[in-house]
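Ligands are counted one by one from 1 in listed order, and the atoms in each one are counted from 1 as well.
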Amino acid sequence: MIEEIEDCARSLGVSFFGQADIRSVRSGFLLDPDTSARFDFALSLGVRLSDAVLEDIRSEPTPLYFHHYKQANYVLDRAAHLVSLRLQERGYRALPVAASQVIDWQGQRGHVSHKKIGVLAGLGWIGRNNLLVNPEAGSRLRLVSVLTDMHLEPGDRLANGCGSCRRCVLVCPAGAVKDDPGSFDHLACYEKLREFRRRGLVGQYICGVCVRACRGPISC
Ligand code: SF4
Ligand code: SF4
């Protein structure tokens with residue numbers, strides 16, 4: 001059954017597919033508690049971003065990246081929608097959660113943390129840039145989640161593999177990325193994203209500079 005779901009997801013453009021047990025994190029979801037309680041597991045789906053688009057970025061987001069970001073979210077949301085319907089047809093509850101829909105603007109949070117679910121699914125670790133880092137793609141991917149009551153077998157969690165790499169620390173225009181991943185300066189990052197948006201560079205709070213920098217620890 002899970003192989004059929006994975007094939008379905010991959011046929012819809014998904015490049016990374018993982019299974020997570022979300023019981024340890026669901027109390028932090030910005031969902032109705034009764035809704036969260038219905039789901040013990042989640043699928044974490046990821047799409048690879050284009051290297052060529054990312055390499056066009058220097059110290060600020062570009063129109064090319066803004067369009068690409070929206071298209072990646074579209075691919076993810078469509079995949080999550082159709083995968084959730086496939087699960088529903090098989091008799092399971094399945095809730096697709098939007099790839100990029102901010103619910104708490106102050107805290108810049110969506111309904112769930114896709115990257116935390118990705119970590120629980122074994123797709124990567126939280127790097128110095130506060131993003132999920134995948135061993136193959138670095139942070140050059142985007143994620144979406146499908147919550148479900150279908151029993152899943154979680155992937156093995158990956159240890160932080162940033163090692164001595166500091167590429168994202170060196171390029172962040174806000175100075176938000178620190179050597180200690182736990183010291184990431186959320187406010188400094190958010191203020192820089194607000195500045196980019198205020199200047200009309202992009203229509204959302206995005207940047208892409210530390211996404212470009214992170215090709216994974218092997219190439220760093
Ligand atoms: S998104 Fe931009 S401002 Fe925020 S941490 Fe990454 S490089 Fe810095
Ligand atoms: S660029 Fe290097 S230090 Fe930064 S998150 Fe990626 S692997 Fe970790």
Side-chain angles (χ1 to χ4, degrees), residues 15-16 18 44 46-73 76 99-102 104-110 113-143 156-220:
S15 359
F16 302 97
S44 179
V47 295
R48 184 70 162 81
L49 295 174
S50 158
D51 289 331
V53 169
L54 289 169
E55 281 154 17
D56 183 57
I57 295 173
R58 293 290 178 266
S59 58
E60 54 192 33
T62 63
L64 277 176
Y65 178 61
F66 181 40
H67 180 75
H68 190 59
Y69 173 89
K70 290 189 293 184
Q71 288 304 301
N73 289 336
L76 286 167
S100 179
Q101 183 181 41
V102 177
D104 168 13
W105 282 99
Q106 194 68 29
Q108 283 285 292
R109 295 169 65 207
S113 168
H114 297 302
K115 65 186 175 188
K116 278 188 188 164
I117 293 175
V119 168
L120 291 171
L123 294 185
W125 63 89
I126 303 299
R128 291 194 168 92
N129 58 7
N130 197 41
L131 299 173
L132 182 135
V133 183
N134 173 269
E136 292 167 38
S139 292
R140 295 181 169 197
L141 77 165
R142 288 199 54 75
L143 297 165
D156 293 331
R157 298 262 309 254
L158 300 181
N160 187 303
C162 286
S164 59
C165 171
R166 300 181 71 248
R167 288 175 66 100
C168 53
V169 180
L170 297 174
V171 298
C172 174
V177 187
K178 312 294 183 189
D179 285 333
D180 171 15
S183 300
F184 181 84
D185 189 338
H186 294 267
L187 190 60
C189 173
Y190 180 55
E191 287 302 326
K192 183 57 73 175
L193 304 193
R194 277 166 52 102
E195 177 199 315
F196 290 148
R197 185 164 178 180
R198 197 168 52 241
R199 287 168 51 204
L201 296 178
V202 285
Q204 278 177 269
Y205 294 126
I206 62 170
C207 168
V209 173
C210 58
V211 176
R212 178 191 195 272
C214 188
R215 287 168 289 163
I218 295 166
S219 55
C220 287

More than 12 heavy atoms of other residues, nucleotides or ligands under 6.0 Å from NZ of K115: is that the case? yes
Which of the numbered atoms in ligand 1 are under 4.0 angstrom from any heavy atom belonging to V209? 7 (S)
Pick one of side chain, backbone, both or neither for how N130 approaches ligand 1, counting any non-hydrogen atom pair under 4.0 Å. neither
So, is C165 placed with an N/O/S atom under 2.8 Å from atom 2 (Fe) of ligand 2, counting both backbone and side chain? yes
Return the residue, atom name and 0.1 Å-rounded distance of the protein heavy atom closest to atom 8 (Fe) of ligand 1. C172 SG, 2.3 Å
Any salt bridge linking E136 with R48? Criterion: basic side-chain nitrogen under 4.0 Å from a carboxylate oxygen. no
Nearest non-hydrogen protein atom to atom 4 (Fe) of ligand 1, with distance, is C189 SG, 2.4 Å
Atoms of ligand 2 close to C214 [distance to a heavy atom under 4.0 angstrom, numbered from 1]: 1 (S), 5 (S), 6 (Fe), 7 (S)
Could you list the atoms of ligand 2 found under 4.0 angstrom from a heavy atom of C162? 3 (S), 5 (S), 7 (S), 8 (Fe)
In the protein, which heavy atom is nearest to atom 1 (S) of ligand 1, and how far is it? C207 CB, 3.4 Å
Backbone N or O of D179 within a donor-acceptor pair of the R128 side chain at under 3.5 Å? yes
Chi angles and distances behind the salt bridge (charged side-chain N to carboxylate O under 4.0 Å, His left out) call for R140, E55: CA-CA 11 Å; R140 295 181 169 197; E55 281 154 17; 3.3 Å; yes
For N129, the ligand 2 atoms with a heavy-atom partner under 4.0 Å come out as 5 (S)
Supply the atom-to-atom distance N130 CG to C189 SG, rounded to the nearest 0.5 angstrom. 8.0 Å
So which heavy atom in the protein is nearest atom 6 (Fe) of ligand 1, and how far is it from that ligand atom? C210 SG, 2.3 Å
Do R198 and E191 sit within salt-bridge range, that is, some charged N less than 4.0 Å from a carboxylate O? no
Contact with ligand 1 for F184, non-hydrogen, under 4.0 angstrom: yes
Tell me if the centroids of the rings in F66 and H68 come within less than 6.0 Å of each other. no
Which of the atoms in ligand 1, numbered in the order shown and given with their element, are less than 4.0 Å from a heavy-atom of V177? 5 (S)
Please walk me through it: do K192 and E195 pass salt bridge (charged side-chain N to carboxylate O under 4.0 Å, His left out)? CA-CA 5 Å; K192 183 57 73 175; E195 177 199 315; 3.1 Å; yes
Number the atoms of ligand 2 from 1 as they appear, then name those within less than 4.0 Å of a heavy atom of V133, with their elements. 5 (S)
May I ask you to decide if I117's main-chain N or O and S44's side chain share a donor-acceptor pair within less than 3.5 Å? no
